[in-house]
Amino acid sequence: MHAEVLPGEPVDVLVQAAQDAFALVVGHRGHGALARRLFTDSIGPGVAGRAPCPIVVVGDSVLERPSAGRQVVLGVGEGTGADAAPVTFALQEAQARGCDLVVVHARSRQETRQDRPGLGSSQAAEAFLGAAVPDRTALERGVVVYRRIVDGPTRDALLRAAAHADLLVLGVRHRHGMVHRELGPTHHAALRHSPCPVALVGGYWSSP
């Protein structure tokens with residue numbers, strides 16, 4: 001480990017430093033809601049939108065929370081993505097930490113209204129999660145996978161799951177025609193309120 005002090009705007013400097021990195025970890029030492037909001041609304045999203053590697057954002061609440069439940073949580077679905085890159089990163093982190101992987105998908109009100117025996121969204125959601133994280137892939141890494149389908153807003157489901165997690169992993173997609181990634185409401189909510197570190201993984205990333 002070595003330290004450097006580099007001139008320039010924080011976001012620009014961090015993005016440049018991350019060009020050949022496996023992951024970029026950013027955090028802050030500020031106390032209180034205002035300091036946390038200033039960080040998660042500016043530097044965190046700014047770096048996440050441009051970094052060429054996964055970014056892990058660690059808030060000050062991590063130091064104050066009790067021991068977590070030895071879980072890596074992966075959010076998949078609308079607004080969070082189910083690309084191969086976030087899944088691979090989550091499995092890799094769970095394997096390295098000796099943790100279980102909990103895959104969470106939140107169903108919208110429209111999905112739950114359409115739920116009918118044999119025809120509803122429950123079966124589709126289960127199939128979606130099974131395809132997103134195949135059992136064979138998890139077994140090859142020696143990771144136990146739990147899949148959870150919950151009803152309600154995605155941000156609420158992920159924050160509840162994060163209360164027992166060591167890491168929350170979310171996918172981030174590029175908008176058509178845009179070079180940078182764009183974070184949605186779910187990403188911003190996770191950065192601002194998650195009690196555990198949040199990893200944002202772009203679909204372009206591949207494991208070294």
Side-chain angles (χ1 to χ4, degrees), residues 22-27 44 48 53-108 111-112 121-173 186-187 189-203 205-208:
F22 167 76
L24 173 63
V25 181
V26 295
C53 62
I55 171 175
V56 181
V57 181
V58 183
D60 53 4
S61 62
V62 172
L63 299 176
E64 303 168 359
R65 69 194 300 250
S67 178
R70 305 296 297 167
Q71 296 177 351
V72 171
V73 172
L74 170 65
V76 297
E78 184 178 357
T80 57
D83 297 320
V87 172
T88 300
F89 184 84
L91 283 168
Q92 190 166 298
E93 285 298 304
Q95 181 184 31
R97 298 163 184 258
C99 293
D100 297 335
L101 176 62
V102 180
V103 187
V104 178
H105 171 65
R107 298 194 304 168
S108 65
E111 287 179 290
T112 55
S121 65
S122 294
Q123 292 83 358
E126 290 171 0
F128 172 69
L129 290 185
V133 187
D135 288 327
R136 180 177 178 179
T137 303
L139 286 172
E140 289 174 351
R141 291 184 175 271
V143 175
V144 177
V145 177
Y146 297 93
R147 300 175 179 86
R148 295 179 184 170
I149 302 169
V150 297
D151 296 334
T154 301
R155 56 160 283 169
D156 295 344
L158 293 177
L159 291 176
R160 284 196 299 270
H164 307 288
D166 295 295
L167 180 69
L168 172 62
V169 181
L170 301 177
V172 185
R173 292 176 176 172
T186 299
H187 300 100
L191 290 176
R192 187 180 298 176
H193 301 294
S194 176
C196 71
V198 178
L200 303 177
V201 186
W205 178 81
S206 60
S207 178

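Everything numeric here is computed off the predicted structure, so don't read it as measured data. All values below were derived from every heavy atom in this structure, side-chain atoms included, with hydrogens, water molecules and symmetry-related copies excluded.
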Test item: Asp100 side-chain N/O and Val145 main-chain N/O as donor-acceptor pair under 3.5 Å: no
Heavy-atom pair of closest approach, residues Cys196 and Ala165: CB-O, 3.4 Å
From Val144, Leu74, Val169, residue fulfilling side-chain contact (heavy atoms from CB on, under 4.5 Å) relative to Leu101: Leu74
Arg141 side-chain N/O to Ala96 backbone N/O, donor-acceptor pair under 3.5 Å: no
Partner of Pro197 under side-chain contact (heavy atoms from CB on, under 4.5 Å), chosen from Leu168, Val25, Asp166, Val58: Val58
Heavy-atom check, side chain of Arg147 versus side chain of Asp135, under 4.5 Å: yes
Side-chain heavy atoms of His164 within contact of Val102, under 4.5 Å: no
Flag side-chain contact, heavy atom, 4.5 Å: Gln92 against Val72: no
Step-by-step side-chain contact (heavy atoms from CB on, under 4.5 Å) determination, Val133 to Val76: CA-CA 10 Å; Val133 187; Val76 297; 5.7 Å; no
Distance-minimising heavy-atom pair for Pro195 and Ala162: CG-O, 3.6 Å
Working for side-chain contact (heavy atoms from CB on, under 4.5 Å), residues Val150 and Asp156: CA-CA 10 Å; Val150 297; Asp156 295 344; over 6 Å; no
Heavy-atom check, side chain of Thr88 versus side chain of Val201, under 4.5 Å: no
Smallest separation among heavy atoms of Val143 and Ala94, with atom names: CG1-CB, 3.9 Å
Minimum heavy-atom distance Gly171-Pro86, with the two atoms named: CA-CG, 3.4 Å
Minimum side-chain heavy-atom gap Ile55-Val172 below 4.5 Å: no
Nearest heavy-atom neighbours spanning Ala106 and Ala157: CB-CB, 4.0 Å
Nearest-0.5 Å distance that lies between atom CD1 in Ile149 and atom CZ in Arg107: 7.0 Å
Inter-residue atom distance Arg192.CZ - His187.NE2, 0.5 Å rounding: 14.5 Å
Leu200 side chain near Pro54 side chain, heavy-atom distance below 4.5 Å: no
Pairwise side-chain contact, Cys99 with Gln71, heavy-atom cut-off 4.5 Å (strictly under): no
Nearest non-hydrogen partners of Arg148 and Leu129, listed with the distance: O-CD1, 3.9 Å
